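Heads up: numbering here begins at 1 and tracks the sequence. Since the structure is predicted, the reported quantities are computational estimates derived from the model, not experimental observations.
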Amino acid sequence: MGNTTDDGAVETVNGIEIRAISEDEVAAWDRALALGFLRSHVESAADYRRLQWQPGRVLGGFDEGRCIATFRSFDVELTVPGGATIPADAVTAVTVSATHRRRGLLSAMMRRDLAAARRRGSAVAVLIAAEFNIYGRYGFGPATRGHGWDVDLNRTRGLREGLPTVLGGRIDFVTMEELRKIGPELHDRWRLTQPGALARDELWWKRHTGEIKVPGFEFKEPFVAVHRDAEGTATGAVAYRVDDTWDGSYPNCTLTVVDFLALDRATAAELWRFVLAVDWVRKVVVENIGPDDPLPLLLQDPRAATPYVENADFMWLRVLDVEAAFNARTYGAPGRVVLEVEDRLGFAAGRWAIEVAADGTGRCTPTDDAADLALGASELGTLYLGGETLPRLAAAGLVTELRPGAAAAADLLLRTPLLSWNPDSF
């Protein structure tokens, strides 16, 4: 699995020290992070980074005492198909200074973190890939996609008739302080319904409600409307901004949805009905929503919704413990498939049998049986949450059929009723 070290150890790579930083080195690390992300103009976010700091989880590369590479990870819960959650290692803040590229620094930090995550019991690792061609060599594959819509209200007159309603339900605006109280519990209920969703911690809510200001992260307080059922229980929420644009004497505003949670289809319809009826608004932009969300089909004229962001890859996933990961999720059909996985880091390498019962529960075990499909660790990560199909990967030459028809048959097993989606950057 490569040359890994204990969390407190120092590793030297081409004359550069790779080690965990101490809390009093956070400011220097934050400066290196800003330089790596081409944000040298942003004032220090060291105070915020200290809130994120955990012993052994913030790594740096040091050349003669100067921090020139950054890496951070943290533990998070990931929802998998079927509604179970698994422990994931979330990788973020990955940079290497332009002066120190191609010296093996990222590889050393990544190997070190993944090995430590596996020892801690993380079933998978996840990250948001700024560039497509970097992380596949570490076994990560695109696992969720983002999608957005641009809805022209002059072309559609709101929602179709006959959509579900919530008898006795109501929608109210809430303050940021109220959202910090209501939001976490609502999101915890919602995320269990969406494969690919991640837990939001207390720091997330403080940052996204303006309680904590982060340099480089512009916070503009949104409108937040919460839907409650007849018993007063929150069942959904929408956060949005509205610009102030006029065409002469006529309002020509755009409403931009930045967060949308609904526990059921009736609540979703009520919230969309509300959003599409806001005064002065002529266009609704939904920045990021599930790739199979039915929003366009709810409109009187579905053609009024055009892609805003079209199915771009978003969160990437790397399997660290094949048995733990695949035993946790549910499956689409009974059957059996044997996968031959190549993984140069070793975590997922081997031959694995996935056997699915009639109730959708599955069991993954190592096997010596002949393999049906051959694939790499990156493709295994892509398939895990159900965000891609096996026949499509096979057609692209990314998965090899060792038994004719195996890709189509195995795809039925891995199929999910809801495409994976994660709305949150990290």
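- In summary, Arg273 and Glu270 engage in a salt bridge, as defined by a charged side-chain N under 4.0 Å from a carboxylate O.
- In this model, no donor atom of one side chain and acceptor atom of the other lie less than 3.5 Å apart for Thr367 and Arg351.
- Side-chain atoms of Arg155 come within 3.5 Å of backbone N or O of Arg303 as a donor-acceptor pair.
- Between atom CG of residue Leu413 and atom CZ of residue Arg415 there is a gap of 10.5 Å, rounded to the nearest 0.5 Å.
- With a 6.0 Å cutoff to the six-membered ring centre and a 45° limit on the axis angle, Arg207 counts as a cation-pi contact of Phe217.
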field: Residues Ile21, Trp53; criterion side chain to side chain contact (heavy atoms under 4.5 Å, CB included); working and verdict
entry: CA-CA 9 Å; Ile21 70 168; Trp53 181 82; 3.9 Å; yes
- request: Could you please spell out the steps behind the side chain to side chain contact (heavy atoms under 4.5 Å, CB included) verdict for Ile354 and Tyr331?
  value: CA-CA 10 Å; Ile354 301 174; Tyr331 296 84; 3.9 Å; yes
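- Among Phe132, Tyr138, Tyr384, Phe140, the one residue that satisfies the ring pair (Phe, Tyr, Trp, His ring centres under 6.0 Å) test with Trp316 is Phe132.
- Side-chain contact between Phe274 and His227: absent, with no pair of heavy atoms (C-beta onward) separated by less than 4.5 Å.
- Closest approach of Thr330 to Gly82, counting heavy atoms only: OG1-CA, 3.2 Å.
- Other residues, nucleotides and ligands place more than 12 heavy atoms under 6.0 Å from the CZ atom of Arg189.
- Side chains of Thr235 and Val166 form no contact here, defined as non-hydrogen atoms less than 4.5 Å apart.
- In this structure, the side chain of Arg145 does not engage the main chain of Glu388 through any donor-acceptor pair within 3.5 Å.
- In this structure, the separation between CZ on Arg118 and CG on Asp113 is 14.0 Å, given to the nearest 0.5 Å.
- Listed for the Trp149 side chain is no donor-acceptor partner under 3.5 Å among the backbone atoms of Ile289.
- For His208 (side chain) and Trp204 (main-chain N/O), a donor-acceptor pair under 3.5 Å exists by modelled atom type.
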message: Pair Thr95, Thr70 - check side-chain hydrogen bond (donor to acceptor under 3.5 Å, both in side chains), show working.
response: CA-CA 5 Å; Thr95 73; Thr70 64; 2.7 Å; yes
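- Annotation for Glu178 and Phe173: closest pair OE1-O, 4.4 Å, computed over non-hydrogen atoms.
- Shown here is Arg66, whose CZ atom has no more than 12 heavy atoms of other residues, nucleotides or ligands within 6.0 Å.
- Contact check for Phe223 versus Val278: no side-chain heavy atoms found under the 4.5 Å cut-off.
- Contact check on Arg120 versus Asp89 returns a salt bridge, with a Lys/Arg side-chain nitrogen under 4.0 Å from an Asp/Glu carboxylate oxygen.
- The nearest pair of heavy atoms linking Thr416 to Gly386 is OG1-O, 3.8 Å.
- Results of the side chain to side chain contact (heavy atoms under 4.5 Å, CB included) test with Val124 over Leu320, Val80, Val322, Ile86 single out Ile86 as the only residue that passes.
- In this structure, Ile68 CD1 and Ile16 CD1 are separated by 5.0 Å, a value rounded to the nearest 0.5 Å.
- Taking a cutoff of 4.0 Å between a charged side-chain nitrogen and a carboxylate oxygen, Arg191 and Asp424 do not qualify as a salt bridge.
- Counting heavy atoms from C-beta outward, Arg102 and Asn14 have side chains that stay 4.5 Å or more apart.
- Shown here for Ala348 and Leu380, the closest heavy-atom pair between the two residues is CB-CD2, 4.0 Å.
- Side-chain atoms of Arg31 come within 3.5 Å of backbone atoms of Ser40 as a donor-acceptor pair (strictly under, hydrogens ignored).
- The nearest pair of heavy atoms linking Arg103 to Thr99 is NH2-O, 3.3 Å.
- For the atom pair Glu218 CD and Lys213 NZ, the distance stands at 10.0 Å (nearest 0.5 Å).
- Judged by distance alone, the side chain of Glu340 and the main-chain N or O of Trp352 form no donor-acceptor pair under 3.5 Å.
- Leu203 places a side-chain heavy atom less than 4.5 Å from the side chain of Tyr48.
- Inter-residue side-chain proximity for Leu271 and Thr267 is flagged as met; some heavy-atom pair is nearer than 4.5 Å.
- A 4.5 Å side-chain heavy-atom check between Gln52 and Arg49 finds at least one atom pair inside the cut-off.
- No hydrogens or angles considered: nothing links the side chains of Asn422 and Thr144 as a donor-acceptor pair under 3.5 Å.
- Under the side chain to side chain contact (heavy atoms under 4.5 Å, CB included) rule, Val285 has a single partner from Leu255, Asp243, Thr256, which is Thr256.
- Atom OH of Tyr250 sits in a sparse spot, with 12 or fewer heavy atoms from other residues, nucleotides or ligands closer than 6.0 Å.
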field: Worked verdict on Phe74 versus Gln54 for side chain to side chain contact (heavy atoms under 4.5 Å, CB included)
entry: CA-CA 8 Å; Phe74 60 97; Gln54 294 175 281; 3.7 Å; yes
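- Other residues, nucleotides and ligands contribute at most 12 non-hydrogen atoms within 6.0 Å of the CD atom of Glu177.
- By the neighbour-count criterion of 12 heavy atoms within 6.0 Å, atom CD of Glu25 is densely surrounded, having more than that number from other residues, nucleotides or ligands.
- Between the side chain of Asp259 and the main chain of Ala239, no donor-acceptor pair closer than 3.5 Å is present.
- Listed for the Thr209 side chain is a donor-acceptor partner under 3.5 Å among the backbone atoms of Trp205.
- Put simply, the side chain of Val284 does not reach to within 4.5 Å of the side chain of Tyr240, judged on heavy atoms.
- With Trp421 as the partner, the side-chain hydrogen bond (donor to acceptor under 3.5 Å, both in side chains) test is satisfied by one option alone out of Asn288, Asp292, Thr79, Asp293: Asn288.
- Thr92 contributes a side-chain N or O that, together with a main-chain N or O of Phe426, makes up a donor-acceptor pair within less than 3.5 Å.
- By the 6.0 Å contact criterion, CD on Glu202 is open, its count of non-hydrogen atoms from other residues, nucleotides or ligands being 12 or less.
- Taken from OG in Ser73 to CZ in Arg57, the straight-line distance is 3.5 Å, to the nearest 0.5 Å.
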task: List the steps and the verdict of side chain to side chain contact (heavy atoms under 4.5 Å, CB included) for Ile128 and Met315.
output: CA-CA 5 Å; Ile128 309 297; Met315 186 174 75; 4.0 Å; yes
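- Of the possible donor and acceptor atoms, none in the side chain of Asn252 sits under 3.5 Å from a partner among the backbone N and O of Thr245.
- To the nearest 0.5 Å, atom CG of residue Leu317 and atom CG of residue Leu383 are 10.5 Å apart.
- In terms of heavy-atom proximity, Ala406 sits nearest to Glu401 at N-OE2, 3.1 Å.
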